[in-house]
Amino acid sequence: MGGVSTEGTPDTEPADPPRGRRTRVLRLAAAAATGLAAAAAAVGTGELVAAFTGPDASPVLAVGSAAIDLTPTPLKEYAVRTFGTNDKPVLLGGIHLTMAALAVVAGLVALRRPALGAGIVGAFGAVGVWAALSRPTATAADALPSLAAGLAGAAVLHLLARRLRTASPRSGAPAAPGPARRTLLAATGGTVAAAALAGVGGRRLADSRQDVGAARGAVRLPPPVRPAAALPRGVHPGVAGLTPFTTANGDFYRVDTALTLPRIDPRRWSLRVHGLVDRPLLLSFDDLLQQPLEELDATLVCVSNEVGGTYASTTRWLGVPIAGLLRRAGVRPGADQLLGRSKDGMTIGTPMDALLDGRRGLLALAMDGEPLPVAHGFPCRTVVPGLYGYTSATKWLVDLEVTTFAAHDPYWVRRGWDRTGTVRTASRIDVPAPFARVPAGDVTVAGTAWATHRGIAAVEVRTDGGPWTQARLATDAGPDLWRQWTYEWRGARPGTHRIEVRATDTAGAVQTEERTPPFPSGATGLHSTVVTVT
Ligand SMILES: Nc1nc2c(c(=O)[nH]1)N[C@H]1C(S)=C(S)[C@@H](COP(=O)(O)O)O[C@H]1N2
Ligand SMILES: [Mo]
């Protein structure tokens, strides 16, 4: 804004062409800035109000969550494949950029028509209200953050645009004196600063109001009545670089649709077991702790795992057997689905057969000796061996409904995924790493294979499309767990080579070479690694 005239001196000279252009550009830049300031005010206000209504109702997060639910499956697959666990920051970044672009447009429009510009900003708020109310767990209060955001943003833009019109009228008219411009600059800057304060403060407040770290730390886990046997020696062949057999909690893969992690205080948590049962149950967290707890060593796998991918992890779970609870409740004939609902509105349907065929499904309360980490479902989730997570592993569980597939399609099934979710046989080469350079001679190849609940019977390796050769299987720790393997590649010669692996499950089914994507029932195809022997 400076440089147009000496401060305080009205700029009454007729504008010569280059200078007129400069003034116009400055005026447009100022208009864009008012739009951005208004958007900042909206977002900041939204965050602050959301600290009281619950963070998921903040306009940006609500729009983000709605976008996740509306994203067509192929695009979602693409996002998970391309950005991995960063898919959420990328989504939020995209939302912020879109908002900024629209805010600039609103600012420019407001230059001529303040009410229309304000209306555009108000419309963002309306989208936020719609998104917040479209969440499966929405209450009327969830509309408040976006409503407040839209009103604050519209009001700010209206005020700033009017000031801008007085401070810097259209060319031809005499410009306002310097103080008017300084006020505008101060008002714009002040708005942005206040918005940032409200936004950051709102997030902090929300976090502190929602902190369940202390409650999680206070959980005392009783010893299991049915402890897991110690893992046999030799489950891990001890090759450097090979995936650890048991995954540390911090390294356990994470896949979910939650933009903000649900924070549940176990003292205020309860689980309803209802639907097609003779005796519905209502269980508190303490009720669960008083049940006979069992340990289960099991590998959890995500259906979105690509061939060779890392969306599989292994841990020791501790919890209450689901089959026992179902017997207590008395499942009525005809029920074929157990529908888990989470605090964040996710629905995951497990085929009833898989829960009553003798396998050990758990209401898990702990993993690797600790209460569930918040990202993995604290305070309670389900785990069922042999099924992908999307049909078996509801995190932040709050409700179990005994029902039928005819009556209810869970979240992923509605999006076209297979309703059963049986884990496919998979194998992965961990060592050597892709594109590793290894010295000529004997090369140790090692990896991980799984066919959870069926178990791995064999792993074979071939190099450069040659004959398949048996790998050496590490000690078996049970069918619910992955199995590691090694292979001594003798006399590797210098050059580029391709190593491939395939596994056979205990039913004798050999992994197919045919490549299919994860959608709709899990990827197939063989993992291969290219290495350079030097
Ligand atoms: N509430 C909730 N539970 C969920 C999901 C989710 O998006 N929300 N994703 C499921 C999927 S697809 C998988 S693979 C597992 C992953 O569990 P993890 O993140 O603990 O590894 O959680 C399942 N449970
Ligand atoms: Mo998954």
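Predicted, not measured: the structure shown is a model, and the values here were computed from it.
Across T257, T347, T391, a single residue satisfies side chain to side chain contact (heavy atoms under 4.5 Å, CB included) together with W412, and that is T257.
For the pair K395 (side chain) and A375 (backbone), a donor-acceptor distance under 3.5 Å is present. A side-chain donor-acceptor contact under 3.5 Å links T299 to the backbone of W482. Within the 3.5 Å criterion, the main-chain N or O of P385 finds no donor-acceptor partner in the side chain of R360. No donor-acceptor distance shorter than 3.5 angstrom exists from the side chain of R316 to the backbone of G369, with no hydrogens or angles considered. For the pair S270 (side chain) and L282 (backbone), a donor-acceptor distance under 3.5 Å is absent. Side-chain atoms of N305 come within 3.5 Å of backbone atoms of T310 as a donor-acceptor pair (strictly under, hydrogens ignored). Proximity of a side-chain donor or acceptor of R216 to a complementary backbone N or O of L372 within less than 3.5 Å is detected. The main-chain N or O of M367 is found under 3.5 Å from a side-chain atom of N249 such that the two form a donor-acceptor pair. A donor-acceptor pair under 3.5 Å links the side-chain atoms of T73 to the main chain of R415, judged by distance alone. Remark: the backbone N or O of T382 is not paired with any side-chain donor or acceptor of T394 at under 3.5 angstrom.
Under the 4.5 Å side-chain criterion, counting only non-hydrogen atoms from C-beta, T350 is in contact with L387. The shortest side-chain heavy-atom distance between R203 and P55 does not fall under the 4.5 Å cut-off. Between P262 and D344, the closest side-chain pair of non-hydrogen atoms falls below 4.5 Å. Residues V301 and Y311 form no side-chain contact, since every pair of their non-hydrogen atoms from C-beta on lies 4.5 Å or further apart. At least one side-chain heavy atom of M99 sits less than 4.5 Å from a side-chain heavy atom of V43. Annotation: side chain of P518 is in contact with side chain of E306 (closest heavy-atom distance under 4.5 Å). By the 4.5 Å heavy-atom criterion applied to side chains, T191 and T188 are not counted as neighbours. For the pair L271 and D287, the minimum side-chain heavy-atom distance is 4.5 Å or more.
The two residues G522 and T516 come nearest to each other via the heavy atoms O-OG1, 4.0 Å. Across every non-hydrogen atom of E401 and G275, the tightest pair is CG-CA, 4.2 Å. Contact between A31 and L108 at its shortest, heavy atoms only, is CB-CD2, 3.9 Å. Closest approach of A167 to R181, counting heavy atoms only: O-NE, 3.6 Å. Among all heavy-atom pairs drawn from E47 and S58, the shortest one is OE2-OG, 3.1 Å. The two atoms that bring A132 and A57 nearest to each other are CB-O, 4.5 Å, heavy atoms only.
Note: F252 and W317 meet the aromatic proximity criterion, with ring centroids under 6.0 Å apart. Separation of the W417 and F519 ring centroids falls under the 6.0 Å cut-off.
With sequence neighbours left out, Y411 forms a ring-ring contact (aromatic ring centres under 6.0 Å, His included) with no residue at all.
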For this session: Decide side chain to side chain contact (heavy atoms under 4.5 Å, CB included) for T23 and L26; before the verdict, give the C-alpha distance in whole Å, the side-chain angles of both, and the deciding distance to 0.1 Å.
Result: CA-CA 5 Å; T23 314; L26 283 175; 5.7 Å; no

For this session: Could you walk me through whether Y388 and R424 pass the side chain to side chain contact (heavy atoms under 4.5 Å, CB included) test, one step at a time?
Result: CA-CA 9 Å; Y388 287 121; R424 291 188 188 272; 3.5 Å; yes

For this session: Evaluate the criterion side chain to side chain contact (heavy atoms under 4.5 Å, CB included) for residue pair L259 and L61; output intermediate values, then yes/no.
Result: CA-CA 7 Å; L259 274 179; L61 294 178; 4.1 Å; yes

For this session: Report the C-alpha distance between T404 and Q337 in whole Å, list the side-chain angles of each, state the deciding distance to 0.1 Å, and finish with yes or no for side-chain hydrogen bond (donor to acceptor under 3.5 Å, both in side chains).
Result: CA-CA 5 Å; T404 62; Q337 173 175 225; over 6 Å; no

For this session: List the steps and the verdict of side-chain hydrogen bond (donor to acceptor under 3.5 Å, both in side chains) for T243 and D430.
Result: CA-CA 7 Å; T243 306; D430 294 339; 2.7 Å; yes

Problem set entry | Stepwise side chain to side chain contact (heavy atoms under 4.5 Å, CB included) test for F52 and R209 | CA-CA 9 Å; F52 299 94; R209 282 169 57 100; 3.8 Å; yes

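Once rounded to the nearest 0.5 Å, the distance linking OG1 of T166 with CG of L184 reads 8.0 Å. Here CG of L102 is found 11.0 Å from CG of L36. Values are rounded to the nearest 0.5 Å. To the nearest 0.5 angstrom, L157 atom CG is 12.0 Å from R162 atom CZ. To the nearest 0.5 Å, atoms CG (L296) and CG (D480) are separated by 6.0 Å. Between the OG1 atom of T452 and the CG atom of L300 there is a distance of 8.5 Å, given to the nearest 0.5 Å. Interatomic distance, C380 SG to L363 CG, rounded to the nearest 0.5 Å: 4.5 Å.
With a 6.0 Å radius and a threshold of 12 heavy atoms from other residues, nucleotides or ligands, R267 has its CZ atom at or below the threshold.
The side-chain hydrogen bond (donor to acceptor under 3.5 Å, both in side chains) contacts involving residues 95-105 comprise nothing, where partners must be two or more places apart or lie in separate chains.
A salt bridge links R268 and D265; the closest N-O separation between the charged side-chain nitrogens and carboxylate oxygens is under 4.0 Å. Taking the charged nitrogens against the carboxylate oxygens, R263 and D207 have no contact shorter than 4.0 Å, which rules out a salt bridge. A salt bridge links R254 to D256: at least one charged side-chain nitrogen sits closer than 4.0 Å to a carboxylate oxygen.
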